[in-house]
Amino acid sequence: MKESSLEKKLLHYTGKAIADFNMIRSGDRIMVCLSGGKDSFTMLCMLQMLRRRARGKFELFAFTLDQAQPGWDDTKLRQWLEDTGIPYEILREDTYTIVKSKIPEGETYCSLCSRLRRGIIYHYAEDKGFNKIALGHHRDDMIRTLLMSIFYNGEIRSMPPKLLSDNKRHIVIRPLAYCQENDIAQYALERGFPIIPCNLCGSQENLVRQKVKVLIDQLAKENPKVPSNMLHALTSVKLSQLMDRKLWDFKGLETVQADSQDVGEEVLFEVEGDS
């Protein structure tokens with residue numbers, strides 16, 4: 001299939017993110033988490049095309065987790081994977097029942113659901129010998145997470161494009177870190193991916209992430225650079241302009257100032273003496 005202009009754009013930004021953050025190296029065995037959504041389908045296609053360009057210097061394996069949610073049907077997904085020729089496995093683990101039993105009706109399931117899913121993914125990757133795990137989070141996921149963390153957790157954090165897990169056993173990469181959700185959605189329509197909707201949390205109203213999405217979209221209507229500026233902010237942190245006492249000894253700044261002034265006077269005196 002001939003590359004469309006949209007595909008070229010997505011491929012460019014995927015390749016740039018991989019290069020900027022050194023996500024993929026020769027010999028890597030990458031487990032691509034294919035959820036059945038537009039983002040993970042797009043990511044897998046981008047990685048497959050980049051693998052061809054790299055002449056197969058890294059491996060790809062598609063991993064899909066069937067969490068036993070109502071309405072789950074992976075028939076078309078299986079056929080799509082067979083047609084692409086990418087090695088894959090669809091693993092069934094009933095996390096749906098656990099989430100429904102632990103979370104009261106009306107509350108969001110995302111946090112527990114994602115923790116259970118992450119545990120299964122990490123265990124599978126370690127068991128099968130994959131040294132990289134690829135997730136389909138994109139630019140807009142990253143900037144929304146930043147605002148959510150500030151507004152609701154009181155922390156400045158987001159999703160890094162490359163992450164070493166706490167136990168130091170897994171490296172997680174996000175190749176779509178520079179890609180826009182609107183482009184991904186359009187590309188999914190263009191390619192006709194067999195999308196599997198999430199029936200667990202997708203139907204819940206007033207999710208925090210949706211509120212943050214609306215806020216950013218509204219600001220972007222007034223200034224289209226807002227989303228890209230937010231992404232750039234994640235790469236341009238001015239620690240001296242923040243107030244984290246673990247990073248700065250505010251009580252000792254006067255001492256630093258005095259030491260700096262003393263050094264300045266000594267240098268100045270030497271310069272004058274030499275002249």
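Residues Leu189 and Leu176 are members of separate hydrophobic clusters, defined by side-chain heavy-atom contacts under 4.5 angstrom among Ile, Leu, Val, Met, Phe, Trp and Tyr. Leu164 is connected to Ile30 through a chain of hydrophobic side-chain contacts under 4.5 Å among Ile, Leu, Val, Met, Phe, Trp and Tyr, so both are in one cluster. Residue Ile156 is not grouped with residue Met243 when hydrophobic side chains (ILVMFWY) are merged at heavy-atom distances under 4.5 angstrom, including chains of intermediate members. The hydrophobic cluster containing Leu234 also contains Leu239, counting ILVMFWY residues as joined when their side-chain heavy atoms lie under 4.5 angstrom apart, directly or transitively. Using a 4.5 Å cut-off between side-chain heavy atoms of Ile, Leu, Val, Met, Phe, Trp and Tyr, with links allowed through other members, Leu146 and Val237 fall into the same hydrophobic cluster.
Leu135 forms part of a hydrophobic cluster together with Met31, Phe61, Phe63, Leu65, Leu91, Ile120, Ile121, Tyr122, Tyr124, Phe130, Ile133, Leu163, Val172, judged by ILVMFWY side-chain heavy-atom separations under 4.5 Å.
Listed by first and then second residue, the side-chain hydrogen bond (donor to acceptor under 3.5 Å, both in side chains) pairs involving residues 42-63 are Glu3-Arg53, Arg29-Glu59 (not counting sequence neighbours).
Donor-acceptor pairing under 3.5 Å is recorded for the side chains of His138 and Asp141.
At a threshold of 4.5 Å between non-hydrogen side-chain atoms, the residues Arg117 and Gln67 count as touching. In this structure, Thr64 and Glu89 have side chains that are not in contact, with every pair of non-hydrogen atoms separated by 4.5 Å or more.
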Output a table of donor-acceptor pairs, distance under 3.5 Å, between side-chain atoms of residues 179-187 and any protein atom two or more places apart or on a different chain; print 'none' if there are none.
residue : atom : partner : partner atom : Å
Glu181  : OE1  : Arg144  : NH1          : 3.1
Glu181  : OE1  : Arg144  : NH2          : 2.7
Glu181  : OE2  : Lys38   : NZ           : 3.1
Asp183  : OD2  : Lys9    : NZ           : 2.8
Tyr187  : OH   : Glu7    : OE2          : 2.4
Tyr187  : OH   : Arg191  : NH1          : 2.8

Side chains of residues 14-26: which donor-acceptor pairs under 3.5 Å do they make with residues two or more places apart or in other chains?
residue : atom : partner : partner atom : Å
Thr14   : OG1  : Leu10   : O            : 2.7
Lys16   : NZ   : Asp20   : OD2          : 3.3
Asp20   : OD2  : Tyr178  : OH           : 2.8

Atom pairs and distances, donor-acceptor, side-chain atoms in residues 214-223, under 3.5 Å, two or more places apart:
residue : atom : partner : partner atom : Å
Asp217  : OD2  : Lys213  : NZ           : 2.9
Asn223  : OD1  : Lys225  : N            : 3.0

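Among residues two or more places apart in sequence or in another chain, the salt bridge (Lys or Arg N to Asp or Glu O under 4.0 Å) test is passed with Asp73 by none. Residues passing the side-chain hydrogen bond (donor to acceptor under 3.5 Å, both in side chains) test with Ser165, sequence neighbours excluded: Asn167. Applying the side-chain contact (heavy atoms from CB on, under 4.5 Å) rule to Glu82 yields the partners Gln79, Tyr88; only residues at least two apart in sequence or on another chain are considered. For Asp94, the side-chain contact (heavy atoms from CB on, under 4.5 Å) partners are Ala68, Tyr96, Thr97, not counting sequence neighbours. Under the salt bridge (Lys or Arg N to Asp or Glu O under 4.0 Å) criterion, Arg118 pairs with no residue, sequence neighbours left out. Residues satisfying the side-chain contact (heavy atoms from CB on, under 4.5 Å) test with Leu116, not counting sequence neighbours, are Thr95, Ile98, Val99, Leu112. The side-chain hydrogen bond (donor to acceptor under 3.5 Å, both in side chains) search around Arg139 returns none, not counting sequence neighbours.
Between Ile150 atom CD1 and Thr145 atom OG1 the span is 11.0 Å, to the nearest 0.5 Å. Residue Arg209 holds its CZ atom at 10.5 Å from CG of Asp140, rounded to the nearest 0.5 Å. To the nearest 0.5 Å, the span separating CG on Leu6 from CD on Glu190 amounts to 5.0 Å. Taking CD1 of Ile195 as the start and CZ of Phe41 as the end, the distance is 5.5 Å to the nearest 0.5 Å. Taking CG of Leu44 as the start and SG of Cys33 as the end, the distance is 11.0 Å to the nearest 0.5 Å. One finds the OG atom of Ser158 at 10.0 Å from the CE atom of Met148 (value rounded to the nearest 0.5 Å).
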